Every structure is written in structure tokens, then in C-alpha cells.
Protein chains: 2
Amino acid sequence: MRTTETAPAEYLRLDNQICFALHAASRAFGSLYRTALRDLALTYPQYLVMLVLWEHGELPVKKIGEHLRLDSGTLSPLLKRLEAAGLVQRERSALDERSVTVRLTTAGDALRERAQRVPEQIATATGLTLTDLTDLRTRLHHLTTTLDAATPDPAADPTPE
Amino acid sequence: MRTTETAPAEYLRLDNQICFALHAASRAFGSLYRTALRDLALTYPQYLVMLVLWEHGELPVKKIGEHLRLDSGTLSPLLKRLEAAGLVQRERSALDERSVTVRLTTAGDALRERAQRVPEQIATATGLTLTDLTDLRTRLHHLTTTLDAATPDPAADPTPE
DNA sequence: CACAACTCAATTGTGCACAACTAAAGGGTA
DNA sequence: TACCCTTTAGTTGTGCACAATTGAGTTGTG
């Protein structure tokens, strides 16, 4: 007698692997970025924040969090480190004193130039064609959207009778 | 005058998105697992370790690390927490005193039963077919292998003249 | 105006990832 | 046997992710 039926087990084992595959791939990307970003003295999440700022110029913490799906618990200390590195400046908004505006310094803006070559390095390392990269990106984006929709928001009212 | 050519910029921006897509997808999976594993009182990485042990029964720390691509810096404290929870038992090997064997306790083995339903919940939440899941898993696995090969091993001799 | 509800950032606490290092044990060779 | 090199866990320190909480500020409503 077995504790498990084999029929569901095969199916079930599969997505254990998909979650692990995603976890491992994410960490492998992390290692690669760590290497590529060493010269810029940025961590990978710091680089993501800089990308958002390079694109949008100036944003409140809240908006950065929306772009990156991160909350203040992660961003506050990260932004302090970027400020300590002289790359950004944080200033409490005059219009709404609750909000803190994050702005690039001259050094932060200048770093953009040196960061230009990073993505190409990464793309080469993936060994994928532009088409494959686009396709994978699309799938992952779609997957994230689906997963987010399927995950109950911990802040949501659990029983709104 | 622009600081950046538009031609490479389009190409370069793309894989900024792929790395972010992977990062976001990984974290979205994390949230989903956090919810699914709440009843089992396991974190997602702890669940991965348990999966390895359920499959292989008894392994030294080193082997667990090879399966999950994790080192002792991550595994040692994690395994201590699993031991404190009564799920595993750690014992220094008699044959090789450097090695620590990790074994499931009765409770750890019993948890397998309750964990059976987790993967199905997850698979459903992805909203993907079995075929799509398999395909994505394969792509990610391949991507990880490629990335690992492209990432210089930090422990490797940097200039072997 | 008063007050409740909400918003935003920051803080606290737990856990994971990883580099760098330490310590103990094992294995090989002069 | 003595010495060196390697292997294996563990420890330390830094940084990220996230839940829960705090506190200041804002908004809506009576």
C-alpha cells in the first residue's frame, strides 16, 4: 500500500519543479547582475530603482513601489543607501508632508551613462535571441499578473459580510 | 543632442524588463506559496528542502545544497529552524566527521501527507495548462544552466597564468 | 471645528541569499 | 610522522522581502 497515488504525483511533482525553476532562474540572474553591477557599486534591486528613476526622473516612494511591486519596508532602507552613496536625494514633499520625493543627483544621473552597457552584457549571457527573450518576458509578465490575481491580498478585508 | 542612441536603447530596455519580469514572477510565486504553506508552517525555501528530503530520504547538507543550488550560509540556519520545528534531525556522520546528515523525523515524514495538496493549488493558480507549465519549466531550467555557465564562479581562480 | 478613516513613510522583527571567513576533519606526499 | 591542501559546516556581516505596527499628515463628514 502506498501513501500516494502515482497518477496525481506525476502531475504534482511537475509544478514543484516549475516553482523551483523560477526560483533558481531568478537567483542565477541575481548572480549575473551582481557581477555586471560590481563596477557601478549597485545591487540588483538598487539597479531596478535607478532604472525607474532614470525613466521617470523624479517620483515619490509610493510610485517607485508601484513600479517595482515593493513596499516601504524594502524601499526605505534601500533608498537611504542610495542616498548615502550620493545617487539620489530624498525630500519630503511640501504639498503633502506624508510623501517623500526621490530625485536623482548629478552623480545619479551620470551613472546612467555607465549603466548603458549592462543590459547588453546580460542579454548576451542569456544566450537567447531577441524573439525568445521577448516571448519569455511576455509569459512571465502574464504569469505574474495571474498569480497576483490568485493571491489573496493580506491587507484585504477577509470577510466583508 | 542625445546622450543615448535610440537604436540600442530599444534593444537594451527589453531585457531590463526580462530580468524584472523574472524577479517579479519569482516574488509573486513566493507570495502564493506563503499563503499555501501557512497551514504547514513552512516557508517556501523550507518547503523546497522538505521536497528534497521527501524524495531522497536522508542527505548530507552538502547534497541538499547541490539539489537546491544553496550553500551552507543559507542552509545551516534554515535547517536549524526545521530541527527546532521537529521536522528534521541533524547528526554528524560517524564515517566522515565533517559531514552532517539530515534526516526526516516522524513528524517531518508525516507532513508529506498534508503537503500533497499544495502543488495542485499552485498549479491551478498559475492558470496555465500542463503543457504550458512544462514548456516554461524547460525554458527556465535551460536559462538557469546558461546563466550559471556565463557567470564567473567567485571561488574560481581569477588569473590562472 | 471635531473626529474618524485613510494614506504614506518609516520602523521592527523574521527569514532568505550570498560573500568572506573560521574551524575541524580528511587525504596525500615527502 | 609531519606538512599541506582540500572538503564540509558553521559563523558573520550586508542587503533584500515582507508582515505588522507606528506616527505624522490628509481628507471627508457631521
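Numbered from 1 within each chain, the chains take letters A, B, ... in sequence-line order. The structure presented is a predicted model; accordingly, all values stated were derived computationally and were not measured.
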Worksheet item: A/E58 and side-chain hydrogen bond (donor to acceptor under 3.5 Å, both in side chains): which partner among A/K63, A/R103, A/Q89?
Response: A/R103
Write down the distance between [atom1] ([X]) and [atom2] ([N]), rounded to a whole number of angstrom.
| X | N | atom1 | atom2 | answer |
| --- | --- | --- | --- | --- |
| B/E83 | D/dA9 | CD | P | 14 Å |
| A/L42 | D/dT14 | CG | P | 19 Å |
| A/L75 | C/dA9 | CG | P | 9 Å |
| B/L32 | D/dA19 | CG | P | 13 Å |
| A/Y33 | D/dG15 | OH | C1' | 18 Å |
| B/Q46 | C/dT14 | CD | P | 14 Å |
| B/R34 | C/dG15 | CZ | C1' | 10 Å |
| A/E66 | C/dA9 | CD | P | 9 Å |

Practice prompt. Look at the side-chain N and O atoms of A/K80 and state whether any lies under 4.0 Å from the OP1 or OP2 oxygen of C/dT11.
Written response: yes
Item to complete: For the pair B/Y33 and B/Y47, name the ring-plane relationship: parallel under 30°, tilted 30 to 60°, perpendicular over 60°.
Response: tilted
With a non-hydrogen cut-off below 4.0 angstrom, is [X] in contact with a base, only sugar-phosphate, or nothing?
| X | answer |
| --- | --- |
| B/P77 | nothing |
| A/L78 | sugar-phosphate |
| B/T74 | base |
| A/K63 | nothing |
| A/S99 | sugar-phosphate |

Discussion item. Only pairs with both distances under 3.5 Å count, Watson-Crick or wobble alike; so what is the partner of C/dT12 in this structure?
Written reply: D/dA19
Just by distance, do the side chain of [X] and the backbone of [Y] share a donor-acceptor pair under 3.5 Å?
| X | Y | answer |
| --- | --- | --- |
| B/R98 | B/S93 | no |
| B/T105 | B/L87 | yes |
| A/R90 | A/L79 | no |

Go through [options] for me and flag the one nearest to the [X] side chain.
| X | options | result |
| --- | --- | --- |
| A/V100 | D/dC18, D/dA17, C/dA9 | C/dA9 |
| A/V61 | D/dA9, D/dA17, C/dA9 | C/dA9 |
| A/S76 | D/dT11, C/dA10, D/dA17 | C/dA10 |

Worksheet entry | Nucleic acid contacts - residues 87-97 of chain A versus DNA chain D, non-hydrogen atoms under 4.0 Å | A/L95, A/D96, A/E97
Worksheet item: What heavy-atom pair brings B/L32 and B/A125 nearest, and what distance separates the two atoms?
Response: CD2-CB, 3.5 Å
Worksheet, complete the sentence: When every non-hydrogen atom of B/M50 is compared with those of B/G108, the smallest separation belongs to CE-O, 3.8 Å
Worksheet item: More 5' along DNA chain C: A/L79 or A/R27, using each one's nearest nucleotide?
Response: A/L79
N/O-N/O pairs, protein side and nucleotides 3-7 of chain C side, under 3.5 Å:
unit_1, atom_1, unit_2, atom_2, d
C/dT7, O4', A/R98, NH1, 3.2
C/dT7, O2, A/R98, NH1, 3.4

Discussion item. Between B/T129 and B/T134, is there a side-chain heavy-atom distance shorter than 4.5 Å?
Written reply: no
Practice prompt. Supply the atom-to-atom distance A/I18 CD1 to A/H23 NE2, rounded to the nearest 0.5 angstrom.
Written response: 14.0 Å
Response to the item:
Contacts of A/D71 and A/T43 projected onto DNA chain D by closest heavy atom; the upstream (5') one is A/T43
Discussion item. Atom NE2 of residue position B/H142 - does it have more than 12 heavy atoms of other residues, nucleotides or ligands inside 6.0 Å?
Written reply: no
